[in-house]
Asker: 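Submitted below is the structure of interest, expressed as structure tokens.
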Amino acid sequence: MTNLVQDLEQCWYISPPWGQRIPPLLVSLLERVYVKRVKAFGYCCGVEWSPQGWKYEINTCCNDNITVWGSELIGTGNLRSLPQEKPVFRLGELVEFRFHGNGPPVRIVQGIQLINDSWFYSIEWMSPAISEKGDEVLTSRDSIARVTDYDLERVRL
């Protein structure tokens, strides 16, 4: 007999939260954008999936980072060139999490952010819990971890 909880947990980590196809990004990473709410230009330095859709991290001209929804952005099509390499992994890619603890190692990349000139990847490190009655799925707001490419390995299919 297979361990159904382990099977469910493994499926949870590799099932895209957005469904079968990744919704398109409104702007690209490192694209210059105009943020309507603050009436300022900046660069998209990160993107992460949330239940409401893509959240964009924008580095404004004042070197402040703000998080906005796509409806608050106007893309310019101009990309910023940076001295560092492009991200190693891409959104939706299956990766092995080196420090997975007791859980299955395979995860899906749900976000990418440029922090202090280094790329970080958002993965789910903790699966949801089921209530004792079995009628509710409990998730934590802290279930997403930001890890470096050192913490991940490409899944060989």
Asker: Answer yes or no: is there an ion pair linking E72 with R37, defined by an N-O contact shorter than 4.0 Å?
Answerer: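 Counted as a salt bridge, because a side-chain N and a carboxylate O are separated by less than 4.0 Å.
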
Asker: Parallel, tilted or perpendicular: which one describes the rings of W18 and W54, with boundaries at 30° and 60°?
Answerer: tilted

Asker: Would you kindly confirm whether F120 and L114 end up in one hydrophobic cluster when ILVMFWY residues are joined by side chain heavy atoms under 4.5 Å apart?
Answerer: no

Asker: Has the side chain of Y121 got a donor or acceptor atom that lies under 3.5 Å from a matching backbone atom of L91?
Answerer: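 Answer holds: no.
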
Asker: So, for W125 and I144, which heavy atoms are closest and what is the spacing to 0.1 Å?
Answerer: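 Scanning both residues completely, I find the closest heavy atoms to be CD1-C, 3.8 Å.
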
Asker: Does E31 reach the main-chain N or O of G77 with its side chain, forming a donor-acceptor pair under 3.5 Å?
Answerer: yes

Asker: Under the criterion side chain to side chain contact (heavy atoms under 4.5 Å, CB included), I'd like the reasoning laid out for L73 against Y56: C-alpha separation, chi angles, the key distance, then a yes or no.
Answerer: CA-CA 9 Å; L73 296 175; Y56 298 87; 3.7 Å; yes

Asker: Taking 4.0 angstrom as the limit, do E48 and R146 come out as a salt bridge?
Answerer: yes

Asker: Under 6.0 Å from the six-membered ring centre of Y13 and within 45° of its axis: does the NZ or CZ of R107 meet both?
Answerer: yes

Asker: Atom OH of residue position Y150 - does it have more than 12 heavy atoms of other residues, nucleotides or ligands inside 6.0 Å?
Answerer: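 No - once you tally the heavy atoms of other residues, nucleotides and ligands closer than 6.0 Å, there are 12 at most.
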
Asker: Are there more than 12 heavy atoms of other residues, nucleotides or ligands under 6.0 Å from atom CH2 of W49?
Answerer: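 Yes - once you tally the heavy atoms of other residues, nucleotides and ligands closer than 6.0 Å, there are more than 12.
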
Asker: Could you grab the distance from atom CG of L30 to atom CZ of R32, nearest 0.5 Å is fine?
Answerer: 13.5 Å

Asker: Applying side chain to side chain contact (heavy atoms under 4.5 Å, CB included), run through V33 and I74 and close with a yes or a no.
Answerer: CA-CA 6 Å; V33 297; I74 299 174; over 6 Å; no

Asker: For residues L79 and V27: do they belong to one hydrophobic cluster (side chain heavy atoms under 4.5 Å, members Ile, Leu, Val, Met, Phe, Trp, Tyr)?
Answerer: no

Asker: Could you give the distance from CG (N59) to CD1 (I115), rounded to the nearest 0.5 Å?
Answerer: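 Going from the CG atom of N59 to the CD1 atom of I115 covers 11.5 Å.
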
Asker: As an exercise, state the distance from OH of Y34 to OG1 of T76, rounded to the nearest 0.5 Å.
Answerer: 13.0 Å

Asker: Determine, stepwise, if the pair V35 / I66 fulfils side chain to side chain contact (heavy atoms under 4.5 Å, CB included).
Answerer: CA-CA 10 Å; V35 184; I66 59 173; 3.8 Å; yes

Asker: Specify the closest pair of heavy atoms between F99 and D151, including all atoms of both residues, with the distance to one decimal.
Answerer: CE1-OD1, 3.2 Å

Asker: State whether R154 and E93 are salt-bridged, where the test is any N-O pair (Lys NZ or Arg NE/NH1/NH2 against Asp/Glu carboxylate O) under 4.0 Å.
Answerer: yes

Asker: What distance separates I58 CD1 from C45 SG, expressed to the nearest 0.5 Å?
Answerer: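 It is 6.5 Å, given to the nearest 0.5 Å.
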
Asker: Between S28 and C44, what is the shortest heavy-atom contact and its length?
Answerer: O-CB, 3.4 Å

Asker: Do we see a donor-acceptor contact under 3.5 Å between the side chains of E57 and T67?
Answerer: yes

Asker: Hey, is the main chain of G46 close enough, under 3.5 Å, to the side chain of K55 for a donor-acceptor pair?
Answerer: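 It does not hold such a pair.
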
Asker: Is there a side-chain contact between L152 and V147 in this structure, where contact means two heavy atoms from C-beta onward sitting under 4.5 Å apart?
Answerer: yes

Asker: Looking only at heavy atoms, which two atoms of W69 and S50 are closest? And how far apart?
Answerer: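 Of all heavy-atom pairs spanning W69 and S50, the closest is CH2-OG, 3.2 Å.
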
Asker: Could you check V155 against V106 for side chain to side chain contact (heavy atoms under 4.5 Å, CB included), going step by step and ending with a plain yes or no?
Answerer: CA-CA 8 Å; V155 170; V106 179; 4.2 Å; yes

Asker: Counting only heavy atoms not in R90, do more than 12 fall under 6.0 Å of its CZ?
Answerer: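 Result for CZ/R90: open.
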
Asker: If every non-hydrogen atom of R80 is compared with every non-hydrogen atom of Y43, which pair is closest and at what distance?
Answerer: CB-CE2, 3.2 Å

Asker: Taking side chain as C-beta onward, heavy atoms only, is F41 less than 4.5 Å from T60?
Answerer: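 They are not in side-chain contact.
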
Asker: Evaluate the side-chain proximity of P87 to L29: yes if any heavy-atom separation is below 4.5 Å, no if none is.
Answerer: yes

Asker: Is any side-chain heavy atom of W119 less than 4.5 Å from a side-chain heavy atom of I112?
Answerer: yes

